[in-house]
Structure formats: C-alpha cells, structure tokens
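Here is the structure we will look at.
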Amino acid sequence: MVPFAGWTLPLHYGQGHLQSHLHTRRHCSLFDVSHMLQTLVYGRDRVRFMESLVVGDIAELKPGQGTLTLLTNEKGGITDDLIVTNTSEDHLYVVSNAACADKDLAILRDRAAQLQATGSDVHLEVSDNALLALQGPSMARVLQAGLSDDLAKLSFMNSITTTVFGVPGCRVTRCGYTGEDGVEISVPAARAVELAEQLLGIPDVWLAGLAARDSLRIEAGLCLYGSDIDETVTPAEAGLMWTLGKRRRVAMDFPGAAVIMAQVKEKPRRRRVGLTSVGPAIRPHMAILGPEGRPVGTVTSGCPSPCLGKNIAMGYVEAAHSRAGTELTVEVRKKQHPAVITKMPFVPTQYYMAK
C-alpha cells in the first residue's frame with residue numbers, strides 16, 4: 001500500500017506487477033479507482049456552465065455520450081483532465097483526478113456560484129459512489145453475464161445506467177486508462193464490495209494496483225496529471241488539441257483560448273513525445289539530450305514495457321527534435337544512453353466501437 005492524493009492505495013497484489021500487467025492485456029483486471037472525484041451537474045444551464053470551464057464541445061454530446069476534456073486556466077495551462085458525460089438523466093457526470101479533487105471542486109463551485117448570482121440554473125452534487133474499473137480483452141464476456149443490456153451496443157466513451165450482477169443504479173461507462181477495452185462502473189458505495197467480490201469470483205478477473213495501472217497507461221500513451229500535464233503545460237504542447245471542439249476553437253470562449261490558439265498558429269516550442277530505449281530504465285526528471293549533448297527536454301513518465309521488452313517513456317522536447325525516428329540520448333546516472341522518438345501509443349489500443 002502507498003499514499004496517493006490523500007488516500008492509501010494498493011501498489012500491487014500477491015501476483016506482482018509484471019504478471020498483473022500482462023494479465024490485463026490478455027484477460028482482464030479489476031482496479032478500485034474510488035479515489036477519483038465524481039460530480040453531477042444539474043440545471044438547464046449545465047452545458048453553458050461546463051463549457052465556461054473546459055475546452056470540449058459539451059453541447060454536441062448525445063445522451064449517454066462522454067468525452068475527455070481539459071479544464072484550462074487563463075494562461076492556457078491544464079488545470080486537470082476530466083471525463084464529462086451527457087447522461088440520459090438530465091445531468092452531466094464528471095470524473096476528475098483525485099490529486100486535483102479539492103482544486104477542481106473549488107473551481108466548479110466558484111463558477112456555479114457566479115452563474116447562480118446572475119440567475120442561471122445550475123447546481124452541483126458530489127457523488128459518494130465507489131468507482132470500479134474492469135479492463136482487458138475478456139471484460140465484455142465477463143460483464144455481459146451480469147447485465148441485461150447488450151454490451152455490443154455500447155461504444156467507447158458511452159454510458160448507461162443499469163443493474164450489474166444484481167446491484168441496481170450502476171453507471172457503466174465504456175472507457176478506461178489501460179488502452180484495452182474496458183468499463184468504469186460507478187456503484188453505490190454500500191454495495192461496492194459485493195460487486196467487486198462477484199467479479200473476482202470469475203477466474204479471469206484479477207485485482208490490479210497502481211503499478212500495473214501506471215505501466216499500462218504509459219504503453220497506451222496516456223497522460224498522468226501532475227507528471228505529463230499540469231498548469232504549466234498547454235494542450236498544444238501536450239498533443240491534446242484533439243480535445244478542443246471545432247466550434248470552441250472558433251468561438252474562443254474557454255479559459256486561456258487566446259494563448260492556446262496563438263500557439264497552434266505559431267507552433268509550440270516544445271512537444272510531448274514518446275521515447276524508446278534499451279539498457280537502464282528511463283524515469284521521470286531525467287534529462288533528454290540532443291546530438292551535441294545539449295539538454296533539449298525532460299522525461300515526465302517512464303518504465304520498462306512488460307509487453308515490448310524495452311524501455312518506454314514520455315517527455316517534452318524542443319519542437320525541432322520531436323519528429324518520430326529522431327535519435328537522442330537520455331542521461332541515466334550521469335551516463336548517456338541512446339533513445340529514439342517513437343509514435344504513441346507504444347502498444348496498439350483496443351477501444352471498442354459498436355458496429
């Protein structure tokens with residue numbers, strides 16, 4: 001167990017990190033992610049409220065559809081990355097990072113109060129539900145046995161409210177943080193253990209902790225808030241411009257829009273990239289050096305890849321060195337080791353789209 005954002009969370013269970021990681025890629029694993037903040041946004045002005053804070057096109061989301069979006073500040077920096085779902089039940093469902101929970105909630109409450117003061121209809125409710133993530137290629141077969149709804153009709157980033165293995169009132173969203181097909185299940189806290197035990201009674205399902213969660217998301221090229229993105233990084237630098245809706249780019253009505261759109265036009269000076277290497281593992285804060293030995297960037301995440309058998313990492317480098325195939329070096333314990341800029345994801349993602 002390790003401390004994480006004010007919680008004590010499991011790093012790994014009995015089977016160890018490597019086996020847990022590979023089991024998720026081949027079968028499926030259950031992650032307890034109840035530490036994440038779940039917020040419900042009600043009121044007829046809920047979409048306008050959300051769009052005053054994030055870069056995404058929330059208005060275009062169909063009922064039951066969600067999107068990854070970014071909470072930005074006036075300097076164009078990323079305050080948090082969140083998933084916002086337009087539920088079929090007249091509210092928005094927002095999932096935020098645990099490390100940002102207090103900060104995010106303060107921003108949401110402050111903005112809601114500002115809008116309420118001008119007569120807008122918006123109010124927030126913090127959910128005390130648990131959140132369980134079931135991730136891996138056998139997820140659909142495992143979960144379908146406990147659902148009356150047809151999972152084949154539920155595409156990536158879509159959400160339903162249903163009964164799961166006899167537990168009513170669960171929100172099942174087809175998403176995750178591993179690159180595999182998966183779901184996150186928001187479940188009433190009083191019955192979370194019961195649901196987890198039912199899932200773990202199926203031989204294909206193992207428990208997985210933070211160590212596997214980290215190496216799986218790095219293989220999938222996914223950012224960790226506080227490491228790969230933070231308030232000093234813009235969406236343009238992070239390679240996250242796809243989160244900006246076209247309508248929002250034109251309207252430029254989100255925090256930091258002028259800075260972000262100017263960067264798009266002028267091209268950012270640094271970019272988030274993937275790196276691969278052999279030899280000692282690449283870890284956060286290590287220097288990335290150019291051909292002449294000059295520092296051109298910094299590693300933000302890294303680990304040996306259990307699936308690829310080599311080191312993988314993410315970091316920021318000067319734009320001139322960001323093209324895939326560029327050969328650089330990483331300084332590990334005062335020695336330089338060759339590394340190559342590599343397109344992400346390192347391991348192909350398996351997100352499910354309904355036919």
- Indicate whether any N or O donor in one side chain lies under 3.5 Å from an N or O acceptor in the other, for Ser159 and Arg174. no
- Query: Side-chain donor-acceptor pair under 3.5 Å between Gln15 and Ser20, yes or no?
  - Reply: no
- Message: Checking Thr232 now: which residues fulfil side chain to side chain donor-acceptor pair (under 3.5 Å) with it, not counting sequence neighbours?
- Response: Asp230
- Message: Would you call the rings of Trp206 and His23 parallel, tilted or perpendicular, taking 30° and 60° as the class edges?
- Response: parallel
- Where does the angle between the aromatic ring planes of His123 and Tyr42 fall among parallel (under 30°), tilted (30 to 60°) and perpendicular (over 60°)? parallel
- Task: Establish, from distance only, whether the side-chain atoms of Thr69 and Thr243 form a donor-acceptor pair under 3.5 Å.
- Result: no
- Message: If the condition is ring pair (Phe, Tyr, Trp, His ring centres under 6.0 Å), which residues does Phe156 pass it with, not counting sequence neighbours?
- Response: Tyr351
- Task: Please say whether more than 12 non-hydrogen atoms of neighbouring residues, nucleotides or ligands are located less than 6.0 Å from CZ in Arg269.
- Result: no
- Arg213 charged N/C atom sitting above Tyr177 aromatic ring, 6.0 Å / 45°: no
- Item | Arg271 to Tyr316 six-membered ring, cation-pi geometry met (6.0 Å, 45°) | no
- Just checking, is any N or O donor in the side chain of Ser138 or Asp204 under 3.5 Å from an acceptor N or O on the other one? yes
- Task: Apply the test side-chain contact (heavy atoms from CB on, under 4.5 Å) to residues Ile202 and Phe165: give CA-CA distance (whole Å), side-chain angles for both, the deciding distance (0.1 Å), then the verdict.
- Result: CA-CA 12 Å; Ile202 300 161; Phe165 285 99; 4.0 Å; yes
- Message: Taking CD in Glu327 as the centre, count heavy atoms belonging to other residues, nucleotides or ligands within less than 6.0 Å. Is the count above 12?
- Response: no
